[in-house]
Amino acid sequence: MTRIEFTNSYTKEREVFTPAEPGRVRMYNCGPTVYGYAHIGNFRSFLLSDVLRRFLELEGFEVRQVMNITDVGHLTEDDIEAGEDKVIKAARERGLTPFEIAEEYESAFFKDAKQLRFKLALEHADKPETERREFFPRATKHIAEQLALLQTLLDRGYAYVTDKGEAYFDISSFTRYGRLSGNTLEKLNAGERVEIHPDKKSPFDFALWKVDDAHLMQWDPHARETWEGWYKKVPVHMDDRLRRGFPGWHLECSAMSMRYLTETIDIHTGGEDNVFPHHECEIAQSEAATDRQFVRYWMHVRHLLVSGKKMSKRDGTFFTIKQITDELGYRPEVLRYELIRVHYRQPQNFNIGSDALARLKEGNLAGLHLENLEAAKTNLARLNETVAKLRAPAPEAEPVFGFEKIAQKYGNEFRDALGDDLNVSEALAAVNMFVNEVNRLKLNADDSAVALDQMRIFDSVLAIMDIEEKAQEIPPEVHALVQKRAEARAAKDFAAADAIRDELANLGFEVKDTPKGADIRRLN
RNA sequence: GGCGGCAUAGCCAAGCGGUCUAAGGCGUCGGUUUGCAAAACCGAUAUUCUCCGGUUCGAAUCCGGAUGCCGCCUCCA
């Protein structure tokens, strides 16, 4: 078995990975806030969790994975005092209900996730909400769990209720606050940006419950029939002073990971921007409530930059998944390849080239070629070309002495690389070297089968290749043209043959001459 | 103001004190193959890791400084 080590962003150290329960991994991944379309940076983070899960499964672990869908509680920057929620804000701006907004962007997220071969979505996205809830829990469906956690924190003296009827976590009561991010209370106080909040004991106390009776997304903390969620652990009595409103953003992750995983989970992932305040607050509220370690291994994905800069809506340097696939016509697998190929603890530069960057800023997307995606596309095509070749091996080839050993060597390199803090770059190097080896050797049917199995193993983690043969629909008229071209070539009428090749290209088909005859395939 | 990260070829990117005269991908140039292509393969493409010092028998890798870039602290993956 492969030695697995991860860099734990809590301890800042590399640690050998072993789950709390042998053979079974419990993992929670911070998912989307459904107030708009997910962008490629969001998916870099989501896909890390997917690669991680797939790798752990390759290593024989049973992985229980949960990704939250945030549909309430995520406050906007421009209205912190009023506590306006992102989803509520989007609803107001578009004249829809927050539930409609959440619904719309949740299904958009699932569509993107499935296209990008996110395994958890492939498995559960198409189920009814009540059935997928344990894998993709929505915050609004777990109000009861959040209230239960809140009451526990109040009971234990870690939180307080304000005169307005809101609840805040008292960070001075939790001595480990700041250990994850380095933002301890003293250091926060040393910073300049301290604004005094009238209701809070400390400006850094974070919201557990916000009062709001102006919007649809609000719950009465005392009327349990309005709560949705799990009733087993609901407190008999909620603090009387709490008033109608909605839960703070951080609360959902603690409540839902305890609900569907356990109080101490093995892995929690998210983007680097979640370190503070989100994850810092999750640790505080979870550990204050349970007296147990919340997360054993924290893993944070560094940002994806577009040509060296953070994506910006204002500058227009911003890509949704939809834009890349639908508008620019890149296969989702190409985008997935690009988004997983760089080590997760390294900021990734999605370099699109200066021409494309200029045009992007003008909002002129049509026909744009993005440098990094072009590179990914070319490399992926080579991988798929090799897979196709392995599926139809040359009949006359001789067996290669010790080919299993060769395949095994690259297989081990691949797994070792992934075990080495999920070094996908290095793992991909092993895949490419194996492909090079395979293309150099002329493999017979048996060796090809071995090689194809190896490719299948690689792709069980990478999920980028066309491993299983897709039935290519070749229309009869295309077949007829290919036939005509073959006749022209046999008659050495190459001008006619080339003309037919152009004609086929116009129809969207590429024809390649191989020793075994013409190979036709649909372009793109 | 507080906290943190990064600087490796034209581009992306691995590298965690010796096996580094530095993986892998893309690009470029030359070749094999092909009617021409495409694909595939072969070869070339950083004696060098932003700069300056230091530690060490030995540094891209550790330490100090300089310069540049980036992130978090407020919404964000």
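Per chain, numbering begins at 1; letters A, B, ... match sequence-line order.
Nucleotide rG68(B) forms a Watson-Crick or G-U wobble pair with rC6(B), both donor-acceptor distances falling under 3.5 Å. Look at rA40(B): its Watson-Crick or wobble partner, with both distances under 3.5 angstrom, is rU32(B).
With hydrogens and angles ignored, a donor-acceptor pair under 3.5 angstrom links the side chain of R501(A) to the base of rA37(B). Side-chain atoms of R489(A) come within donor-acceptor range of the base of rG35(B), with a qualifying N/O pair under 3.5 Å. Not a single donor-acceptor pair, N or O on each side, falls under 3.5 Å between the base of rA14(B) and the side chain of H343(A). Side-chain atoms of R440(A) and base atoms of rC42(B) include no donor and acceptor less than 3.5 Å apart. Scanning atom types as modelled, no donor and acceptor separated by under 3.5 angstrom connect the side chain of H300(A) and the base of rA77(B). Contact annotation: side chain of D273(A) to base of rC75(B), donor-acceptor pair absent below 3.5 Å.
Using a 4.0 Å heavy-atom cutoff across all strands shown, N436(A) reaches sugar-phosphate atoms only and no base atom. Among the heavy atoms of the strands lying under 4.0 Å from F494(A) is at least one base atom, whether or not backbone atoms are also near. Counting non-hydrogen atoms under 4.0 angstrom, R485(A) reaches a base of the nucleic acid. Using a 4.0 Å heavy-atom distance criterion, K310(A) is classed as a base contact. Using a 4.0 Å heavy-atom criterion, one finds that E338(A) contacts no nucleic acid atom at all. Among the heavy atoms of the strands lying under 4.0 Å from Q346(A) are primed sugar atoms or P, OP1, OP2 only; no base atom is included. Across all strands shown, T386(A) has no heavy atoms under 4.0 Å from either base or sugar-phosphate atoms. Counting any heavy atom pair closer than 4.0 Å across all strands shown, D498(A) reaches a base atom. Residue contacts for G270(A): at a heavy-atom cut-off of 4.0 Å it reaches the sugar-phosphate backbone alone, with no base atom in range. G353(A) comes within contact range of no nucleotide atom at all, as no heavy-atom separation falls under 4.0 Å. Across all strands shown, N423(A) has heavy atoms under 4.0 Å from sugar-phosphate atoms exclusively, and none from any base. L48(A) comes within contact range of no nucleotide atom at all, as no heavy-atom separation falls under 4.0 Å. Using a 4.0 Å heavy-atom criterion, one finds that V342(A) contacts the sugar-phosphate atoms exclusively. Residue M311(A) is in base contact, counting any heavy-atom pair closer than 4.0 Å across all strands shown.
Under the 30°/60° scheme for interplanar angles, the aromatic rings of F17(A) and F6(A) are found to be tilted. In this structure, F206(A) and H250(A) have perpendicular ring planes: the angle between them is above 60°, well past the 30° mark.
Here rC36(B) presents its C1' atom at 13 Å from CG of D493(A), a figure rounded to the nearest Å. As rounded to whole Å, 12 Å separates atom P of rG25(B) from atom CZ of R341(A).
Residue N351(A) places at least one side-chain N or O under 4.0 Å from the OP1 or OP2 atom of rC12(B). Applying the 4.0 Å criterion to OP1 and OP2 of rC12(B), one finds that N349(A) has a side-chain N or O inside that range. Between rG24(B) and N432(A), no contact under 4.0 Å exists linking OP1 or OP2 to a side-chain N or O. Remark: N439(A) is in phosphate contact with rC41(B), judged by side-chain N or O atoms under 4.0 Å from OP1 or OP2.
Annotation: rU28(B) and rC69(B) have their C1' atoms spaced 28 Å apart (nearest Å). Here, rG15(B) and rA23(B) have their C1' atoms 8 Å apart, quoted to the whole Å.
Distance from the side chain of E510(A) is smallest to rA38(B) among rA38(B), rA77(B), rA23(B). Listed candidates were rC36(B), rA39(B), rC16(B). Nearest to the side chain of K512(A) is rA39(B). The side chain of F276(A) lies closest to rC73(B), out of rC73(B), rC16(B), rG71(B). The side chain of R302(A) sits closest to rG4(B) out of rA40(B), rC12(B), rG4(B).
Ion pairing of R440(A) with E437(A) is present here, as a side-chain N (NZ or NE/NH1/NH2) and a carboxylate O approach within less than 4.0 Å.
The main-chain N or O of P277(A) is never found under 3.5 Å from a side-chain atom of E280(A) such that the two would form a donor-acceptor pair. A donor-acceptor contact shorter than 3.5 Å is absent between the side chain of D71(A) and the backbone of V34(A).
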Query raised in the report: Where do F319(A) and H39(A) land on the ring pair (Phe, Tyr, Trp, His ring centres under 6.0 Å) test, with the steps shown first?
Result: CA-CA 6 Å; F319(A) 288 99; H39(A) 61 248; over 10 Å; no

**Report entry** Verdict with reasoning, F46(A) to F109(A), per ring pair (Phe, Tyr, Trp, His ring centres under 6.0 Å)
**Finding:** CA-CA 11 Å; F46(A) 303 155; F109(A) 163 73; 5.6 Å; yes

